[in-house]
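Everything on this sheet refers to the single structure shown next.
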There are 2 protein chains.
Amino acid sequence: MASYPLVIKAVEWVNGKVRWLDTSLLPHEEVYRESSSYEDVARAIENMEIRGAPAIGVAAALAVAATVYNAPTSDLNELRTLALRAIERLSRTRPTAYNLFWALDRMKRVVMASHSDGEGLRKAIVEEALRIYQEDIETNIKIGEIGEKLIEDGDTILTHCNAGALATSAFGTALAVIRVAWYKGKKIRVIATETRPVLQGARLTVWELKKEGIPVTLITDNMVGYVMYKGLVNKVIVGADRILMDGHVINKIGTYTIAIAAKRHNIPFYVAAPTSTFDPKSKINEVVIEERNPDEVRKVLGKVLITVADIPVLNPAFDITPPDLVSAIITEKGVVTPPYTENIRKILGTGI
Amino acid sequence: MASYPLVIKAVEWVNGKVRWLDTSLLPHEEVYRESSSYEDVARAIENMEIRGAPAIGVAAALAVAATVYNAPTSDLNELRTLALRAIERLSRTRPTAYNLFWALDRMKRVVMASHSDGEGLRKAIVEEALRIYQEDIETNIKIGEIGEKLIEDGDTILTHCNAGALATSAFGTALAVIRVAWYKGKKIRVIATETRPVLQGARLTVWELKKEGIPVTLITDNMVGYVMYKGLVNKVIVGADRILMDGHVINKIGTYTIAIAAKRHNIPFYVAAPTSTFDPKSKINEVVIEERNPDEVRKVLGKVLITVADIPVLNPAFDITPPDLVSAIITEKGVVTPPYTENIRKILGTGI
């Protein structure tokens, strides 16, 4: 595997603790936080200091590990109980991103396996969490290398929200594709949508691309049709919070609207996501779309009230893009194209 | 004509001066300003204290009238020169809204007509401006009464930006339709898009509908696809800044994206505008789309920087919706349906 600069590390394991970049303060402040408490990490996920489906999964796994690693006991049953309590709490942080449940399921399997003693359990838990972390980075680089082949020299790529280093432990998913294309010398440009209400595009995508010198232009979410009409966009690449087996893509609110506009303009609409994003069980009507605090819409960044104080609002954090709008899904195991019901099953069956 | 409450008067003629509600301060402050100087009014249009195509047209006409009304001379040629100077300055405020040029053309015809003396010119100019003002209100009520027939009891209507009382001298265009439906007792609800970057939906539409007790829910611009997917929208009604003879609609940035989404969901997409919005001459590639200050995107309401300070942005104030996405255009002369090239010409040929 080629090596690429990992300029930004959003979630890490440092001396037995979880260390994360508080993305809620970006781009104005670059503050790192550390904790060995699963409760702290759970709250950091809830208030979106840590956000992005892969990052949430990795952080949750590391939080379980840090909890057990630092527990003042070596009793097998006590450690197991503690780990299960951490898993339970972390699983209630946000309902939509599938990688969270995927990572916690992996942790739970290790917790419930038979272990010689408490130290054996402790070691196994930490190892599994670090494996999830390490795999995330390797997976993202593979997504980048596989997806890069879809990008042509001179392309302008529209992306939504932040599916970047700041949404993973490092390197990103949609932005991994952009990074690899850039580091291979393709002269690409990015258009980033600001992504109201929490402004991950304006605050995070712009910040991380600029940091690596990749040309990026910011637009408001409602300019998507305009830039496509003007011929300014060649490809769309977004991440995903959950992908169903029939190809429905659950991702940041606004993704669906972009996909509809891309279809009208015959612009390829790509989703880049690790296979840990695929939900093998849920049907579309079973997926919970998180409804967040109305003040995220009424105010900007919690600071400026932009409307009448008590006006009713909707604030779904995600929307659903049906398979007919998705040109391809870029995973670490390869590019999945329609028919999705057949091809997603195939790719999930293959080894890495 | 039935009478309706004119709760909000955005632009008026008061004692020889132009009086306007400074919409840039809404919804937090309700400040009215007055001036007899065309330069003051021109600046108020440029900085969007006065905004909305019909309001801009009326304000410009009244500004020409106030200038001549208060001029310390009765010399015919001096007054004519002054009026032409005012018209020239006002025509350079914003390039896209057609009603501005339509109103100033009407004023110019009066200025250039033969007059017995200076007082005759002065009287004719003031009368023409007041006629434009009065016609605007009557036109909007007619648009409301004609458009109301398209609305069903129980409809939820999505609107974008502000095509309300605050975009006209009073009563609005898209919101006139909503107002008449409401006052006739139809139980309708409104979904308002916030309309970044200048947030006319969040600041103005929400404020004016709430003031009249019409139920309104605020969403971010990127939730449009979501609310349609969820079946929460029955109709879309927007205003227009310029409509070409083939049915291309130039309106606030974001309109086109909404129209694409409405088409996918088979939701009627209506444009409500006075016939003064129709541009009888321009081709689509001749229309100038105003590009505004990049800091409108980088900051929210000039206050909070939401991204990296110097990042490149696009900031087109308008976009273009092609005729195939427009279900009908509601004017004071009737509802125009496709084929537009034929039917717009027909309706413009008829008397009011």
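Reminder, nothing fancy here: chain letters follow the sequence lines and each chain counts from 1.
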With a 4.5 angstrom heavy-atom cut-off, could you sort out which part of B:V227 is near chain A: side chain, backbone, both or neither? side chain
Would the number of heavy atoms belonging to other residues, nucleotides or ligands and lying under 6.0 Å from NZ of A:K283 be above 12? no
Assess the pair B:Y229 and A:Y256: is the distance between their ring centroids shorter than 6.0 Å? yes
Over all atoms of both residues, closest heavy-atom pair of A:D319 and B:N222: OD2-O, 4.4 Å
Which residues in residues 304-315 of chain A have any heavy atom closer than 4.5 Å to a heavy atom of chain B? A:V304, A:L305, A:I306, A:T307, A:V308, A:D310, A:I311, A:P312, A:V313, A:L314, A:N315
Could you tell me which of A:V297, A:I289, A:T321 has the largest number of non-hydrogen atom pairs under 4.5 Å with chain B? A:V297
Can you tell me which portion of B:P27 sits under 4.5 Å from chain A's heavy atoms? Options are side chain, backbone, both or neither. side chain
Under 4.5 Å from any heavy atom of chain B, what part of A:I253 do you find: side chain, backbone, both or neither? both
Heavy-atom pairs under 4.5 Å with chain B: which of A:G201, A:P197, A:P322, A:P316 has the most? A:P316
Output the option from B:K303, B:H160, B:K210 having the highest count of non-hydrogen pairs under 4.5 Å with chain A. B:K210
Can you tell me which residue pairs pass the salt bridge (charged side-chain N to carboxylate O under 4.0 Å, His left out) test with a partner in residues 214-233 of chain B, sequence neighbours excluded? none
Sequence neighbours excluded, the answer for side-chain contact (heavy atoms from CB on, under 4.5 Å) partners of B:A262 is B:M228, B:V236, B:I267, B:F269
Heavy-atom pairs under 4.5 Å with chain A, option from B:I258, B:L218, B:T193, B:T220 with the top count: B:L218
Spacing of B:K263 atom NZ and A:R264 atom CZ [to the nearest 0.5 Å]: 7.5 Å
When rounded to the nearest 0.5 angstrom, what distance separates CZ in B:R196 from CZ in A:R196? 7.5 Å
Please classify the contact between B:P294 and chain A as side chain, backbone, both or neither, with a heavy-atom cut-off of under 4.5 Å. neither
Which of residues 244-251 of chain A get closer than 4.5 angstrom to chain B, counting heavy atoms alone? A:H248
Okay, B:L325 and chain A: the region with an atom under 4.5 Å from a heavy atom over there is side chain
Which heavy-atom pair separates B:Y226 from A:T257 by the least distance, and what is that distance? N-OG1, 4.5 Å
